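Residue numbers start from 1 in every chain, and the chains themselves are labelled A, B, ... in the order their sequence lines are given, proteins ahead of strands. Fair warning: this is a prediction, and the values are worked out from it, not measured in the lab.
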Number of protein chains: 4
Amino acid sequence: MTEQARRKQIVDAAVAVIAAEGYAKASFGRIAKQAGLSSTGLISYHFANKRELMDEVVRTVLADFTEFVLARTDDVAGPAAQLRAFIAANVEFASERRTHLVAMLEVARAEPGDGPDPVLEADLRGLADLLRAGQRLGEFRDFDADVMAMAIRSARDGLLLKLRTEPDLDLDVYTGELVTLFDLATRRTP
Amino acid sequence: MTEQARRKQIVDAAVAVIAAEGYAKASFGRIAKQAGLSSTGLISYHFANKRELMDEVVRTVLADFTEFVLARTDDVAGPAAQLRAFIAANVEFASERRTHLVAMLEVARAEPGDGPDPVLEADLRGLADLLRAGQRLGEFRDFDADVMAMAIRSARDGLLLKLRTEPDLDLDVYTGELVTLFDLATRRTP
Amino acid sequence: MTEQARRKQIVDAAVAVIAAEGYAKASFGRIAKQAGLSSTGLISYHFANKRELMDEVVRTVLADFTEFVLARTDDVAGPAAQLRAFIAANVEFASERRTHLVAMLEVARAEPGDGPDPVLEADLRGLADLLRAGQRLGEFRDFDADVMAMAIRSARDGLLLKLRTEPDLDLDVYTGELVTLFDLATRRTP
Amino acid sequence: MTEQARRKQIVDAAVAVIAAEGYAKASFGRIAKQAGLSSTGLISYHFANKRELMDEVVRTVLADFTEFVLARTDDVAGPAAQLRAFIAANVEFASERRTHLVAMLEVARAEPGDGPDPVLEADLRGLADLLRAGQRLGEFRDFDADVMAMAIRSARDGLLLKLRTEPDLDLDVYTGELVTLFDLATRRTP
DNA sequence: CATGAATGAGATTTCATTCAT
DNA sequence: GATGAATGAAATCTCATTCAT
């Protein structure tokens, strides 16, 4: 088995365990079992230490997530439409790749680095820029873009929480509700 | 020392440790040290096991939180004003008793019970009812009350996250932003 | 069992294991077995980590050794007689408390601290001073005191090595040989 | 690459690692890295097990050392002169090939075989013979040749220790001191 | 010959919990 | 009630060795 494939296998198992049982219980033992490995030594063989594995979990999911969202917002014209697309993309990712998103957020929370949280940055930076652009164009009203960005991101995390107990949630409805909510909250009132 | 006082001392120490270092690192050893106890045996003496201690952490903070919010929303007239008061109360609690709120949410996340999460319930139940009442009275537009409630709660958690890195945040501004946001998002448009 | 007694028991077991099997094989497991403990956790309970245990081994034996030698050299008059007493004391300690001395030297070699080796210092400092005093008094010839001190100490370590394979060595003979050797090597020739 | 060259490369790397970090930390991993090998498997391919590698380390250095000393003592006439040459050769080897000597002694100490230590034998055998020959010729006084041999060998090990912290030691001085020391200690007094 | 993935044992350390005093 | 020593499980990490390619 190739190095790359094995690392991916381990990262996938880690994602599954973290999403299912939480970061605290994601020991090498459980991850190895989930991956069907014969020993935790194999994880240590492929990752220098636990932090390296967890960093790779974050890196992998974050790249995936970023690409996913960008692909769905890139060619959209106008701030309001972009915001709608952004929210829809987030909801879609949260449902389609729920375990990945949950695992990434768990790791980011449990292992805060020294500097700013890269996951949080990735979530907020582009979004706040989008909002500010909309304000400059006069499409959005004059709110605090950072607060609004955090509210939007947090609403997506709320969906993650709901999906835990209600996996059959109607996502189209949820998307529509959030889109309307933040459309009303951001648009310049006549 | 009375039984009750001792339990409170331990719970307070647990809250402090969890908020400062996270649930994962909140071992009996660290909690005992924080409380100035001479032995972790004392914790085991007063609590059947770790889960019991953590349950009491949740119970204590949740009661405190519920009372705090109720006291600030009870005598307010009208759904819109109640919603504003609710948001303001949440922001206030999140800043004044940040460690308590953080600890409670950490425990709830790390040790999910079998049934529905009581913390989540407490956050959402009353809020959703408030929103539905406003809809019945015609003050609020026709949104999904559960989704809106979750968005409001999640926005408060976003504030908690922001407070971790920006403890000197201007709370009045934050409150104002959130109040306006959800006022626009909920009100019946003319 | 009292803290102090338990620590002593563990240190003694560590000394025995190190002397018998070498520092490299002196794992907590073997030490616990030697001491008749039920678990290595007990060692960790009494010593913060392995280095702490080993430091205590060195500290204990070194204090013992220093006291032993001082008691046998203190009230001796004249450099030549003091040197003879010093050598005799070293040989005696090396045979009576062979395991202690071996263990101390093993640890000192395996875990070199940042600064100068305290064991080496203890061995050489007083001895070199003694030699220099003898030179000032005209009893000793004009050699390099540091080189001579090291040679004397090394000769004692040679005895330790010999004792490993020949435990029934005639110590009186050995002492006599070393005393004569260094007497001739140090005395001012007529 | 030829079998022999590969083995030599590995032995050299082992010597370097052992001298620099001690036997305890001389794992196959570190040795492979030092040698620039891509896998520890290569070491296992060329040596049946770790002991075999270490035995070869000892064998290699010992042959080198023996040849070195013999070359410098062979054509010297007279026991006293031979002793001087022996000491000088030991000091020279200890400084010129310090890592080799240190590594050999480390291995011999850490992995004592069942029978007599071949390293010790090699050090002492010829030396004691030399001393006894001098006694028979009447040039040396009547000491215990084994004790004297051990003292001489030990003095050289003392130099090794000193070189660790004082690599710029003046070796000519050191040689002179030791030569004089043992000249006085061995010669027949008038 | 060489590679590098895999294995399983063993190391130190942390921890919740028990229990005699 | 309180203390603190003791226990044994579990965690991460290192290592020599094996083996398919």
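Within 6.0 Å of CD in B:Glu3 there are more than 12 heavy atoms belonging to other residues, nucleotides or ligands.
Across every strand in view, E:dT14 sits in a pair with F:dA9 that passes the Watson-Crick or G-U test at under 3.5 angstrom. Taking a pair to require two hydrogen-bonding distances under 3.5 Å in either a Watson-Crick or a G-U wobble arrangement, F:dC15 pairs with E:dG8. Nucleotide E:dA20 is matched to F:dT3 when pairs are restricted to Watson-Crick or G-U wobble geometry with both distances under 3.5 angstrom.
A:Thr40 comes within 4.0 angstrom of a nucleotide base, judged by non-hydrogen atoms across all strands. Contacts of A:Arg51 with the nucleic acid, taken as non-hydrogen atoms under 4.0 Å apart, are absent. Looking at heavy-atom distances under 4.0 Å, A:Ser27 makes contact with sugar-phosphate atoms alone, never a base.
Because its NZ or CZ atom is not both nearer than 6.0 Å to the ring centre of B:Tyr23 and within 45° of the ring axis, A:Lys25 does not count as a cation-pi partner of that residue.
Straight-line distance from the CD1 atom of A:Ile10 to the P atom of E:dA5: 11 Å, rounded to whole Å. Remark: P of E:dA2 and CZ of D:Phe47 are 12 Å apart, rounded to the nearest angstrom. Going from atom CG of A:Leu42 over to atom P of F:dC13 covers 15 Å, rounded to whole Å. For the pair A:His46 NE2 and F:dT14 P, the computed distance is 15 Å after rounding to whole Å. In this entry the distance linking CD of C:Gln4 with P of F:dA5 reads 12 Å, nearest Å. Per the geometry, CD belonging to B:Glu111 stands 13 Å off C1' belonging to E:dA16, to the nearest Å. Per the geometry, CD belonging to B:Glu52 stands 14 Å off C1' belonging to E:dA16, to the nearest Å. Rounded to an integer number of Å, the gap from CD1 of A:Ile43 to P of F:dT14 is 14 Å.
Of the residues near DNA chain F, B:Thr2 and A:Gly29, the one whose nearest nucleotide (by heavy atom distance) lies more toward the 5' end is B:Thr2. Annotation: of the two residues near DNA chain F, C:Arg6 and A:Asn49, the 5′-most nearest-nucleotide partner is C:Arg6. Both B:Ser39 and A:Ser39 sit near DNA chain E, but only A:Ser39 has its closest nucleotide nearer the 5' end. Residue whose closest nucleotide on DNA chain E sits further toward the 5' end, between B:Ala48 and B:Lys25: B:Lys25.
Considering only the side chain of B:Ser44, E:dT18 comes nearest among E:dT18, F:dC13, F:dT17. For B:Phe28, taking side-chain heavy atoms from C-beta onward, the closest of the listed nucleotides F:dT17, E:dA16, F:dC15 is E:dA16. In this structure, the nucleotide among E:dA2, F:dA6, E:dA5 sitting nearest to the side chain of A:Glu3 is E:dA5.
In this structure, the side chains of B:Leu101 and B:Asp157 stay at 4.5 Å or more apart for every pair of heavy atoms. Counting heavy atoms from C-beta outward, A:Leu120 and B:Leu161 have side chains that approach closer than 4.5 Å.
Side-chain contact of D:Arg7 with D:Gln4: a donor-acceptor pair under 3.5 Å is absent, judged by distance alone.
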Run A:Glu56 and A:Arg59 through salt bridge (charged side-chain N to carboxylate O under 4.0 Å, His left out) and show every step you take. CA-CA 5 Å; A:Glu56 181 127 331; A:Arg59 222 178 304 127; 3.3 Å; yes

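Counting atom types as modelled, C:Tyr45 pairs a side-chain N or O with a base atom of F:dA5 as donor and acceptor under 3.5 Å. Donor-acceptor pairing under 3.5 Å, judged by distance alone, is absent between the side chain of B:Ser38 and the base of F:dG4.
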